[in-house]
Amino acid sequence: MDPKALNARCVELFQSPDVRLRMWNARMFWQVGDQMNVAPTALTDPKVDTCELEVMLSAAALTDSQCAAELDKREPGRAAFIQRQVREGMRPLLRPAQ
């Protein structure tokens, strides 16, 4: 998946009501400077691996991930680990953006 399209999907998932219930701040996943309440259009520079972020946000939004298979090709079992962590109410540590 194209990096810009993947980031756009992550931003869209981040706006999901099920994700917003978790009270995650955009600063955890994107470079936003000193801003606290960031507009979705400003979320363009990810801090974390966007494929892992997409898997995490998809699990939180209760929707199918478009990146899980690709992530499992890179590291078998990583997508299931992230999804399990989210289902158990945790926020998994995501790898930094490359």
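Here SG of C10 is found 11.5 Å from CD of Q15. Values are rounded to the nearest 0.5 Å. Summarising the geometry, atom CG belonging to N7 is positioned 6.5 Å from atom OG1 belonging to T50; distances are rounded to the nearest 0.5 Å.
Hydrophobic cluster membership of L21, counting Ile, Leu, Val, Met, Phe, Trp and Tyr whose side-chain heavy atoms lie under 4.5 Å apart directly or via other members: none, as it forms a cluster of its own. Other members of the hydrophobic cluster containing F14, listed by chain and number, are V11, L13, V19, W24, M28, F29, W30, V32, V38, L43, V48, L53, V55, M56, L57, L71, F81, I82, V86, L94; membership follows side-chain contacts under 4.5 Å among ILVMFWY residues, whether direct or relayed. Other cluster members for M23: none, since no ILVMFWY side-chain heavy atom sits under 4.5 Å from it.
Contacts of E12 classified as salt bridge (Lys or Arg N to Asp or Glu O under 4.0 Å), with partners at least two apart in sequence or in another chain: none. Considering only residues two or more places apart in sequence or on other chains, R74 meets the salt bridge (Lys or Arg N to Asp or Glu O under 4.0 Å) condition with D49.
For residues 83-98, the set of pairs meeting the side chain to side chain donor-acceptor pair (under 3.5 Å) definition, not counting sequence neighbours, comprises E52-R95, E75-R95.
Smallest separation of non-hydrogen atoms from A97 and P46: CB-O, 3.5 Å. Nearest heavy-atom pair across S58 and S65 is OG-CA, 3.6 Å. Shortest non-hydrogen contact noted between D72 and A79 is OD1-N, 3.2 Å.
The main-chain N or O of Q66 is found under 3.5 Å from a side-chain atom of E54 such that the two form a donor-acceptor pair. Put simply, the side chain of K47 gets close to the backbone of R27: a donor and an acceptor are under 3.5 Å apart. For D18 (side chain) and L62 (main-chain N/O), no donor-acceptor pair under 3.5 Å exists by modelled atom type.
Q31 has its side chain out of reach of T44: every pair of non-hydrogen atoms, C-beta onward, lies at least 4.5 Å apart. Between C67 and E70, some side-chain heavy-atom pair lies under the 4.5 Å cut-off.
Crowding of N37 atom CG: a count of heavy atoms from other residues, nucleotides or ligands under 6.0 Å not exceeding 12. More than 12 heavy atoms of other residues, nucleotides or ligands sit less than 6.0 Å from atom CZ of R22.
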